[in-house]
There are 2 protein chains.
Amino acid sequence: MTEQGAAADDTGTPDTATRGTATPGTGTHAPAGTDRATHQAAADAPRVTSKDVARAAGVSQAAVSLVLGDKWRGRVSTAKADAVRTAARELGYRPNLAARSLRLGRTRTALLVVPALTTEFFARVYTGAARIAADTGFGLVLYPSPEGIGPARDPFDSARATLDGVIASSMAADALTALYGEGLPLVMLDSDPHSTPAAATVNLDIAHGARLAAHHLLDLGHRRLTHLAAAVDSWTFHLRARALADTVAAVSGATLAVQAAPLSVDAGLHAAHAALTAPGPRPTALVCDDDLLAAGACKAARRLGLRVPEDVSVTGFDDLALATAVEPELTTVRLPAEEFGAAGMRALIDVLAGRPPAAPTTLPVELVTRGSTAPPPAEPRP
Amino acid sequence: MTEQGAAADDTGTPDTATRGTATPGTGTHAPAGTDRATHQAAADAPRVTSKDVARAAGVSQAAVSLVLGDKWRGRVSTAKADAVRTAARELGYRPNLAARSLRLGRTRTALLVVPALTTEFFARVYTGAARIAADTGFGLVLYPSPEGIGPARDPFDSARATLDGVIASSMAADALTALYGEGLPLVMLDSDPHSTPAAATVNLDIAHGARLAAHHLLDLGHRRLTHLAAAVDSWTFHLRARALADTVAAVSGATLAVQAAPLSVDAGLHAAHAALTAPGPRPTALVCDDDLLAAGACKAARRLGLRVPEDVSVTGFDDLALATAVEPELTTVRLPAEEFGAAGMRALIDVLAGRPPAAPTTLPVELVTRGSTAPPPAEPRP
DNA sequence: ACGTTTCAGTGTTACGTATAACGTGACCCG
DNA sequence: CGGGTCACGTTATACGTAACACTGAAACGT
C-alpha cells in the first residue's frame, strides 16, 4: 500500500531522479543495505546545555538552574542572574525536556482520550484543551479511539512513564478500563460523577440542553415527538434520553417515541425514515442527538415529500459547522466544545499542582433557534 | 537514606534541625490545615526500573537493556534472556521514556503542523498520521495553528529538544518560518517541491482533481464557470486555480471567472451571491475550493431563487461529511486525507531511519459525482 | 568581640537508560 | 601447550537537569 500514486501520471512530474537534496555523503557505490549506525539525518545541531550557559555567564551550572527556574530570590545576586539570562538568550539555550523529566519524574504532558477526532466536536474539544495546555507549558497528546488507531500496542504501555495525567471523554469508556488502576490522575469529561473514580469532573449541562430543545418544540405545539437517539452507551446520551422523556411526559397529551441510530448522516437518514413511516400517527418533530443525525433526518423527510419545518420539525445537538451548511439551517443545542476541553485541562492542572480540584464544573449550553423548527401542521380533524 | 540521627559527626552541627528530612519546618503547634507541599494526588506508583528487573532475573541491568533492546544475539544466553523477559513481564516493567530519550538523544516523537484542526480535513490527516505513528512506536504531537492556539510561547522553543522531526502542511507556511533553519528533518505535505527545502514531500494530485472537476462541468456543457477560490496564499490553492484556468481555457468559448473567499460556509454564501449577481451573463457552474464553500454556494443559489443543479451546478473539494449532509449532495473531489497523513508519517520515519526518502509521492484523487451538478439550463437564444 | 543569621553561591548527586570497555572461562587450532 | 577466538556477562560511564548539602563571608544583634 505504499506505492499508491502510480495511477494518473498525467501530471507531467519531473521524472529526473536527480534530486539536489542535501543528504551529504550518501555512498553512491555501496548499496550497504541498511546502515546499522544512525545515518545522521540532520544532527548538525550543536546542543546548548545549561553547562554552556554557566560557562558563558561565569557561574556554576547549579546557579543557571536556579535562575532559569526562577528560584533564585536571595540565592543569586541580581547581577549574576541577569548575566545568566542574557547568556542563555544569546546562546539560544533550550532546556532538554527529557533530562528535566527524568530528574523531576514529571513530564508536563497530558493525554486526551476521545472516541474519534474526525468528529468536529472532539476536534474542538482538543483545540480548547491544547490552547490552555500551551499557555501553561504543558504538552497534550491524543489518543483518538481504539478503532480509529488500528491494532497498535496498548497505548498506555508507556503512559505511566510518559504522562502526568489523563483527560478522558466518557464516550471513550472502553479505553478507560485500560487506565483504571494505573494511578494516573484522571479528569473525566461528561461522566456520571457517581460511577467514575475521577480526580475531577467537567460536565456540559446536557440535561438542560435536552430540556430546552423539548420545551422549544412543545411550546411550538408539537405533541408527537420522536427522539433520534445515538446508539452509543454513554452517560451523556442516557442523560439526553431521560431529560427528553421527563420533559415530554410532563406535558399532558404529548408522546415521545425513540429510534436509535449510530452517529452519522446516513444512519440519521435511515432512522428518520423508519420513524416517519412507522404505523400510527406520524411524529411532527424529530429530536436528534447530534447534528449529523439531524441532517440525515432532514434528508429523509424531504425524500418522503415532507417539508422541513412546515411538515416536520428537526432539532440537533452540538452546533457543528454542518448546522448552518444544510438548508434549512438547524435549530440545535450549542455545546461550548472548546471551553469544555479547556476546562478539562485546567482541572487537570489543578489536580497535578496539588490544589484541591474546583467543584465539579457544569458548563452552560444554549439553544440556537434556526430554520428547522416551526409549529406543527394543522391537525386533520376526524 | 542516610541515618540522620546516628551521631554527631565531624560537622558537629547541633540538633537545630533534627528532622532534616521531609516537610521542613512543620510547626507542631499549627493545625497545618492545607499543606503547601505537593498534596500527593496519586503518586503511589512504585516505578519499576530495569534495575528491578535485573535483580529479579539475576542478571545485571546492562543485560536487561540488551535483552529488551533485542541486541543480545551472542551476548546473552537464551536462558537468561528468557528469564529477563519473564521478569519484565511479571513486574510490569515499562521503560522510562525520559531516560531513554536523554540517553539516546532521540525522542521518537514527531510534530504535525496543520493550519487548524477543527477542519475535518486536517483532523483526518492527523488520524492517518497517528495511526502509523502508533504502529511504529512513535508519538505524534500537534501544533494546530498560531491563531488557534492563542498567545502561547513559540511552540518550537522546546521543539529541538523534544522532537525528532516535523510534518507540516504547506497551508501552515507561516509557522514554518520558525522552523526553518532549526535543523529538524522536515516532511512537507502538499508543497511546491521547488520552493521548500524539505527532506521529503508528499503531495495530493490536486491539479488532477481540479482538472477532473473542470472536465466534468465542461463535458456537461457548461461554458461560464466561476471559481470560488480560497483566499489563502497556499501552494495547493494556487495549483487548483492554475489547473482550472488551463483546463477551461483549452475549451473554446469557455470562460472562468474567479471570486475569492475565506474557507467557510458563510464566506461561500457571500462569494457565490456576488458571483451570481455580477453584471453580465450569469455563470452556470461554481467550482469551489472546498466543500464548505460549496455548501455556502448552494445556499446562495437557492436564496436567489435558483435551483441546484438545474439552474446552477456546484462542485466542491475534499469530500467531507458535510458533502452528503447537504441537499443536493455535493459533487466533489475526494482527497485521501488519512492516507495523506499516513504517507507523511511514513516518509518522516524513513528520513529518520537514514533511509533515502522514497521519491516524492503523489497520492491520487478522485471525482465523486453526486447531485449538485447537471447540464446547464437551455440558453435563451436572443 | 562573639555567636547567629542571611546572602551568595559551588560541589555533588541521582534520576533510568544504553552502550563502550572490560573481563572471564571454555574451546579450538596450529 | 600457548595464544586466539568465542560465548557470556559485568562495570563503568554519560546523557542534562534540579535540588540537597555545604561553605565562606558579611551583616547583625547584644
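Below, read A as the first sequence line, B as the second, and so on, with proteins coming before strands; counting in each chain starts at 1. All heavy atoms count here, side chains included; hydrogens, waters and symmetry mates do not.
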> Grab the two heavy atoms, one from I132(B) and one from A342(B), that are nearest each other, plus how far apart they are.
CG2-CB, 3.7 Å

> Consider side-chain contact (heavy atoms from CB on, under 4.5 Å). Of L112(A), V187(A), L186(A), which one does V166(A) pass it with?
L186(A)

> Might you point out which heavy atoms bring W72(B) and T78(B) nearest each other, and give the distance in Å?
CZ3-CA, 4.0 Å

> Donor-acceptor check, side chain of R108(A) to backbone of S101(A), threshold 3.5 angstrom: yes or no?
no

> So which nucleotide from dT10(D), dG9(D), dG16(C) ends up closest to the side chain of V76(B)?
dG9(D)

> So L104(B), base contact, sugar-phosphate only, or nothing? Heavy-atom distance under 4.0 Å.
sugar-phosphate

> Check whether any side-chain N or O of S60(B) sits under 4.0 Å from OP1 or OP2 of dT10(D), and answer yes or no.
yes

> Starting at CZ of R94(A) and ending at P of dC15(D), how long is that distance when rounded to a whole Å?
21 Å

> Report the distance from atom CG of D70(A) to atom C1' of dA19(D), rounded to the nearest whole Å.
16 Å

> Between A198(A) and M188(A), which heavy-atom pair has the shortest distance, and what is it?
CB-CG, 3.4 Å

> With the side chain of S50(B) defined as its heavy atoms from C-beta on, choose the nearest nucleotide among dT10(C), dT17(C), dC15(D).
dT17(C)

> Would you say dG9(D) has OP1 or OP2 under 4.0 Å from some side-chain N or O of S77(B)?
yes

> So which protein nitrogen or oxygen atoms get under 3.5 Å of nucleotides 21-24 of chain C's nitrogens or oxygens?
none

> So that I can tick it off, tell me whether D164(A) and R106(A) are bridged by a salt bridge, with the cut-off set at under 4.0 angstrom between side-chain N and carboxylate O.
no

> Just compare dT10(C), dT10(D), dG16(D) and give me whichever is closest to any side-chain atom of L66(B).
dT10(D)

> How many Å lie between CZ on R106(B) and P on dT17(C), as a whole number?
16 Å

> Closest approach of V48(A) and V53(A), non-hydrogen atoms and distance?
CG1-CG2, 4.3 Å

> Contact class for V59(B) vs. all strands (heavy atom < 4.0 Å): base, sugar-phosphate, or nothing?
sugar-phosphate

> L102(A) has a side chain; which of dT10(D), dC15(C), dT17(C) sits nearest to it?
dC15(C)

> Starting from C1' on dC7(C), measure out to NZ on K71(A) and report it in whole angstrom.
19 Å

> Which whole-number value in Å describes the distance from K51(B) NZ to dC15(C) C1'?
9 Å

> Using whole Å, what does the distance between atom P of nucleotide dT17(C) and atom CZ of R55(B) come to?
12 Å

> If we ignore hydrogens and angles and just use 3.5 Å, is the side chain of T109(A) paired with the main-chain N or O of T107(A) as donor and acceptor?
yes

> State whether K80(A) places a side-chain N or O below 4.0 Å from either non-bridging phosphate oxygen (OP1 or OP2) of dG9(C).
yes

> For D82(A) and dA8(C), what is the distance between atoms CG and P respectively, to the nearest whole Å?
13 Å

> Rounded to whole Å, please give me the gap between CZ in R100(A) and C1' in dT17(D).
8 Å

> Start at the 5' end of DNA chain C and walk down; is the nucleotide closest to Q61(A) or to S65(B) reached first?
Q61(A)

